[in-house]
2 protein chains.
Amino acid sequence: MPKEIDTNTEQKILDSATKVFHEKGYDGTRMQEIADDANINKGLLHYYFKSKDSLFETIFSLALGKLISKIQVILELEIPLEMKIDLMVEEYMNMLSKNSYLPRFVLNELNKNPEKFIAKHIGNNMKNTFSGFALSVKKEVDAGLIRQVDARQLFMNIISMIIFPFIGRPMIQVVIGIDNKEFQELIKERKDHIKSFVKQAIKK
Amino acid sequence: MPKEIDTNTEQKILDSATKVFHEKGYDGTRMQEIADDANINKGLLHYYFKSKDSLFETIFSLALGKLISKIQVILELEIPLEMKIDLMVEEYMNMLSKNSYLPRFVLNELNKNPEKFIAKHIGNNMKNTFSGFALSVKKEVDAGLIRQVDARQLFMNIISMIIFPFIGRPMIQVVIGIDNKEFQELIKERKDHIKSFVKQAIKK
DNA sequence: GTCTATATCATGATAGAC
DNA sequence: GTCTATCATGATATAGAC
């Protein structure tokens, strides 16, 4: 009797594939390594997923969704700018803490074929996502609550401060001179730091 | 007579290898592609560089040096904090604008073997590099010129805002909804934006 | 120094037994 | 569904002629 019930094989493959692809990227990943990690053999891997490409597509789409959808939802909420910023920082940092390889993986693969990504995974429903944020900024500026600021630059700043440490970690640790534990500490404190840093920067 | 004088073959190889490695990373790079780009054949490539690994080592060391050395020098300068920040932004953004693949390449490869990098390329002379920056911050705080701020977080903020757009470009363009030209415009304006953003954030 | 083979090996993928 | 071969391809690296 095929073991099926208790630990679904397809799920085991997806878990292992996620792990390996995220760490090593498409080019650096071997089907053998995924099979080993999932405790099955290559043959079975190809039984579930026709090719490395098709398996990769699955993993990549999931990862891209994770990275984009959260921010998309927040940007489109009709809430005051300050809350929006807090939410972005809070939600995104939490998610990245649990998936530290995610941004590097997605942005890398994205960079190898940007066209494909833009066409396939986004469509044009992203158009109004950012205008939601830009509008929030404009409102506050017009009301005299914050300084005049380019919403696009502000968005880049926030997203940069949130994501970059997870990508630049080795460099940061060496330059600042801290070990893994201290880095984790900094990340923990970082949510509050970014929130107040940004607010201070735009407040009138 | 071997053509040697006018376009040095080794340099041509280094140029092509830089181009291909930076774009595709170690795993994605084929020796054939480097040879093609340099208009020579694979055999000759191995005549100049024993292996793909040795060629990669050369390219990676150069890239890492470019990414680290500039910041190291600036951080160690004995100048006021404000000038230090301006210099970091100015110099780094200029360099990255001319080498937009550099940070992605270095940080990626770095992440694949951080140990090797830390041991080999840095040593311990980085220790006092960051203390130079931390000291600049402390001075200003003590003098009551800026708000109390964690120098490590501040450093992360600055470096993130400078580097991330070059890594996250495809994502940013899609989310904000801008084309290549508009992105270039934003990058140009970004130097001044970051400078004032940071100063506003820390000013008392 | 430069080129044309060619050896060697690793990897993605398939065929077929159980 | 799962495993054990095995094939076919493509990549690094070397040998040897010019």
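Contact annotation: B/T9 side-chain N/O to C/dG1 OP1/OP2 distance is not under 4.0 Å. In terms of phosphate contacts, B/Y47 brings no side-chain nitrogen or oxygen within less than 4.0 Å of OP1 or OP2 of C/dT2. OP1 or OP2 of C/dT2 has not a single side-chain nitrogen or oxygen of B/N41 nearer than 4.0 Å. Residue A/H46 places none of its side-chain N or O atoms closer than 4.0 Å to OP1 or OP2 of C/dT14.
As rounded to whole Å, 8 Å separates atom P of D/dT2 from atom CD1 of A/I13. Between the CD atom of B/E33 and the P atom of D/dG10 there is a distance of 15 Å, rounded to whole Å. For A/Y26 and C/dT11, the OH to P distance is 14 Å, given to the nearest whole Å. Straight-line distance from the CZ atom of B/R30 to the P atom of D/dA11: 5 Å, rounded to whole Å. Nucleotide D/dA13 holds its P atom 13 Å from the CD atom of B/Q32, rounded to whole Å. Counting to the nearest Å, the P atom of D/dT14 and the CG atom of B/L44 are 15 Å from each other. The NZ atom of B/K50 sits 17 Å away from the P atom of C/dG1 (whole-angstrom rounding). Remark: C1' of D/dA11 and CG of B/D36 are 13 Å apart, rounded to the nearest angstrom.
Using cut-offs of 30° and 60° for the angle between ring planes, the B/F105 and B/H22 rings count as parallel.
No hydrogens or angles considered: nothing links the side chains of A/N180 and A/Q184 as a donor-acceptor pair under 3.5 Å.
Of the candidate nucleotides C/dC3, D/dC3, D/dT2, C/dC3 has the atom lying nearest to any side-chain atom of B/I40.
Note that CG of A/N41 and OH of A/Y47 are 13.0 Å apart. Values are rounded to the nearest 0.5 Å.
Listed for the B/N111 side chain is no donor-acceptor partner under 3.5 Å among the backbone atoms of B/L107. Using modelled atom types, no side-chain atom of A/N99 and backbone atom of A/L102 make a donor-acceptor pair closer than 3.5 Å.
Here B/S54 lies out of heavy-atom contact (under 4.0 Å) with every strand.
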